[in-house]
Amino acid sequence: MTTGLIGATMLPGQVASAADTQTATVTATQAFVQADEGELATVTLVLGTSDNKPLARPAALTYRTGTGTATAGSDYTTTAGTVTFAADSTPGAHRTIRIPVRRDRGAETAETIPVALGAGTTGVTAGAAPTVIINANGLPYLDRRLSTERRVADLLNRMSPEDKIGQMTQAERAAVTDDTAKVAAWRLGSVLSGGGSVPSPNTPAAWVNMVNTFQRAALSTPLQIPIIYGVDAVHGHGNVYGATVFPQNIGLGASRDPKLVEQVYHATAAEVRATGVPWDFAPCVCVTRDERWGRSYESFGEDPKLVTRMTTAVTGLQGRRGAQLADPDRVLATIKHYAGDGNTSYGTGDSGYPIDQGVTTISRTDFARSILPPYVAGVHAGAGSVMPSFSSIDWTEDGVGNPIKMHANKELVTGTLKGKLGFGGFVITDWEGIHQIPDPAATGDTPLPTAGQVRTAVNAGIDMFMEPNTAERFETLLKAEVTAGRVSLTRINDAVSRILTSKFQLGLFDKPFATTDHIDRVGSTAHRALAREAVAKSQVLLKNTGNLLPLRSNAKIYVTGRNADNIGNQAGGWTLDWQGRSGDTIPGTTILDGIRQDAPHAQITYSADASAPIGKNDIGIVVVGETPYAEGYGDVGGPAWPWGTDAQKESKSLTLQPADKAAIDKVCDAVTKCVVLVVSGRPQIITDQLGKIDALVASWLPGSEGAGVADTLFGRRPFTGKLPVTWPATTQQVPIDIGDRHYQPLYPYDWGLRTGTNRDH
């Protein structure tokens, strides 16, 4: 009884203590709230508590409209009051404030109404003050009935120099996430996500919310010019967890199927646009001519004719008609990297890389014959943007030794691309691309970009500048160059007109905000089925002694190798991270999963390191190859990616890693029949072990649907793929390409054995 009394007397004190220590925070869910004339502007407030528990006592917040660019009494009705969250309100509870916006029927730019928030009770903290934006109205550029040309001209005439320079500037999301007001302050034309730069959580809905948050900030400016958000979706929307990850381009090139490529890129566009993103930095239409290049898997192949055929990727992204750009399953395409990045010479690389970002030494005639054709086709297909390469061109006509960075190459950007080819879209730099332009006036401690780099690139014909962390500096320098007359206003107007044209064509002025209506397209069953088909069509059967493949679905099988059950390795770079990730990283099926699906009656033994006992009558399937990499970190002989997994830090090579070789030796020596699958972004030298391999398959980097590999192994789909690149016999032959004078590869370009379907299917 005494214990009960003690408990009863302590309880009120405990409750009072909780109430005394708990604090509440009330913030607006949006920093900027748009409203049309004649509407009620609705500001939504959300409750948070310091202990994440329900309110112990009521929490009140005061609000009042302040002084902005809108005029009280004529543009809106002055409003003030108190919002109260009752005791027991849970964190996340919402309340709303409504501010009447009046209709004055006059054409005008956007106006602002700041809303001041204050604590109404003790223990309450008010969040940052939101701003109501009365939308611009009645102006010609807002009239969707007018032609795009008229809308662009009208808007351009209303823009200040700061507005125009802002449109030419793109910042990385990380630079503006903590303070989205920078989007408006810098008048940014664009924001991007680099590889691995994602919202939290990394879901399609969170992407939509993130893009819309940046868009609201952009629309807080008087002219309300929307941003265009961009991503590298180079083999599906790889940044987004759960997206369909398609085969890398090298595999799609092996399919020899332009229609399939168009379908794959259309599915990619649908998933990208579903997350609120209207712009894709793809496709790469480079022609890869050296297997040692770390970006070789981004190419469709070594023959410009093949790559040209695969520019159906552009119509896949954008549609076949210009009007389709505004559709919810289309995005702006970017053909890259203009031009010659696949032809650079080993040993000429930049930024510490052996070949990536290097120098292409070539005559103008050979350039037009072997490098330019895919870009011509991409422009004719209507590509809305072009990205220059980090690499340089060194014309042989004027002597070797004076290369010109593509970001500074006026002859090729303005003269050829915009002039001879008639490209009407806009040119966007690669990541800090102008920072590599030589500037004789700069010293070692001069911040980048320099004034000379900015001036040179703009005058060369670049329209938008990817300055992920230096956007404000770029704008300051460009404004000074224009003021000094070193960059003409004509050049600025040309650049901005091109950018605005794309934004109008995408429908961003008419529907600036994304919806979550289509997020079910991301990783959809239909898209995964398409990816599985693409994987199967990308498989190249190099050797098939005794018609070993396809296998019977009731065979006795021994599966081994580090890439048999590693979806991160089979997806490669540009998957979740810039460099990709080894391991169990994304939803999908590994090659082992596919084998189990396609051969449910088979006796399957799986041993990653081949340590399990091997039966003499087993059919061995050894899955070897590369770990993920991207760009210069994938160069053979290049630097190791310092932040990757141990597997990703291994030296990049055209020969198999020792553990892969050991697995082939152990299994192929022990079994009667042996199949080897090479999962890689480029050929791997396998000549010395070829004699013990009965069937050899180039599986490339299949992406999230490894079951497509198994489909060909068991005859659910035939082998039809052909080599998009030459498969060397030795490292001494490299680089080796079709058309070389001394051409004796292990397997030539266009090689690929065919099979029918399995006899027991």
In chain order, what residues pass the side-chain contact (heavy atoms from CB on, under 4.5 Å) check against A514, with sequence neighbours excluded?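 With neighbours one apart ignored, the set is V208, N212.
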Would T169 and W186 satisfy side chain to side chain donor-acceptor pair (under 3.5 Å), going step by step from the backbone distance to the final call? CA-CA 9 Å; T169 310; W186 298 344; over 6 Å; no
Test item: side-chain donor near acceptor, [X] and [Y], under 3.5 Å:
X    : Y    : value
S391 : Q357 : no
W643 : Q579 : no
T244 : R528 : no
N569 : S582 : yes
T288 : W293 : no
S680 : W700 : no
Q30  : T44  : no
Q539 : S699 : yes
Q34  : R216 : no
T575 : H235 : yes
S190 : Q170 : yes

Taking the inter-plane angle between the rings of F509 and F504 on a 0 to 90° scale, is it parallel (under 30°), tilted (30 to 60°) or perpendicular (over 60°)?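 The rings of F509 and F504 lie parallel, inter-plane angle below 30°.
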Parallel, tilted or perpendicular: which fits the ring planes of F214 and Y229, with parallel below 30° and perpendicular above 60°?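 Rings of F214 and Y229: parallel, as their planes differ by under 30°.
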Looking at side-chain heavy atoms only, is the closest gap between [X] and [Y] below 4.5 Å?
X    : Y    : result
S296 : I250 : no
V234 : F281 : no
S538 : Q248 : no
L252 : M310 : no
D280 : T268 : yes
D565 : Y606 : yes

In plain terms, say whether [X] and [Y] are close enough for a salt bridge, that is, a side-chain N and a carboxylate O under 4.0 Å apart.
X    : Y    : answer
D341 : R295 : no
K336 : D232 : yes
R292 : D635 : no
E705 : K537 : no

Under 3.5 Å, side chain of [X] to main-chain N/O of [Y], donor-acceptor pair present?
X    : Y    : answer
N563 : E626 : yes
K503 : G189 : yes
D463 : V427 : yes
T627 : A647 : yes
H407 : D430 : yes
S389 : H337 : no
R717 : D711 : no
R256 : K722 : yes
D327 : D329 : no
N249 : S299 : no

Indicate the atoms forming the closest heavy-atom contact of [X] with [Y], along with that distance.
X    : Y    : answer
A218 : I227 : CB-CG2, 3.6 Å
L332 : F426 : CD2-CE2, 3.7 Å
N239 : G196 : OD1-N, 2.8 Å

Does the side-chain contact (heavy atoms from CB on, under 4.5 Å) test come out yes or no for E262 and R320, once each step is laid out? CA-CA 10 Å; E262 184 173 2; R320 293 177 177 270; 2.7 Å; yes
Would you check if the distance from the ring center of Y633 to the ring center of Y353 is below 6.0 Å?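 Distance test on ring centres: under 6.0 Å, yes.
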Y297 and Y629 aromatic centres sub-6.0 Å: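 Here the rings of Y629 and Y297 have centres that are less than 6.0 Å from each other.
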Pair T470, E432 - check side chain to side chain donor-acceptor pair (under 3.5 Å), show working. CA-CA 9 Å; T470 48; E432 295 182 345; 4.7 Å; no
So for atom CG, which belongs to D584, do other residues, nucleotides or ligands contribute more than 12 heavy atoms lying within a distance under 6.0 Å?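 Count not over threshold, so no.
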Crowding at NZ, K652 (>12 non-hydrogen neighbours, <6.0 Å):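 Yes - once you tally the heavy atoms of other residues, nucleotides and ligands closer than 6.0 Å, there are more than 12.
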Could you grab the distance from atom NE2 of H380 to atom OG1 of T315, nearest 0.5 Å is fine?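 Result: 14.5 Å between the selected atoms.
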Dump the intermediate steps for side-chain contact (heavy atoms from CB on, under 4.5 Å) on T275 and V211, then the final yes or no. CA-CA 8 Å; T275 61; V211 175; over 6 Å; no
Partner residues of E467 under the salt bridge (Lys or Arg N to Asp or Glu O under 4.0 Å) criterion, sequence neighbours left out: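 With neighbours one apart ignored, the set is empty.
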Checking side-chain contact (heavy atoms from CB on, under 4.5 Å) for the pair Q570/I591: CA distance, chi angles, key distance, verdict? CA-CA 8 Å; Q570 74 183 36; I591 294 172; 3.7 Å; yes
Trace of the side-chain contact (heavy atoms from CB on, under 4.5 Å) decision for T590 with N566: CA-CA 6 Å; T590 65; N566 193 313; over 6 Å; no
Among R521, H527, H237, side-chain hydrogen bond (donor to acceptor under 3.5 Å, both in side chains) partner for E271: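 Exactly one pass, corresponding to H527.
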Could you walk me through whether D598 and R716 pass salt bridge (charged side-chain N to carboxylate O under 4.0 Å, His left out), step by step? CA-CA 8 Å; D598 281 0; R716 293 184 181 274; 3.1 Å; yes
Show, in sequence, the C-alpha distance, side-chain angles and deciding distance for W641 and W578, and conclude whether the ring-ring contact (aromatic ring centres under 6.0 Å, His included) test is met. CA-CA 11 Å; W641 174 239; W578 172 37; 5.4 Å; yes
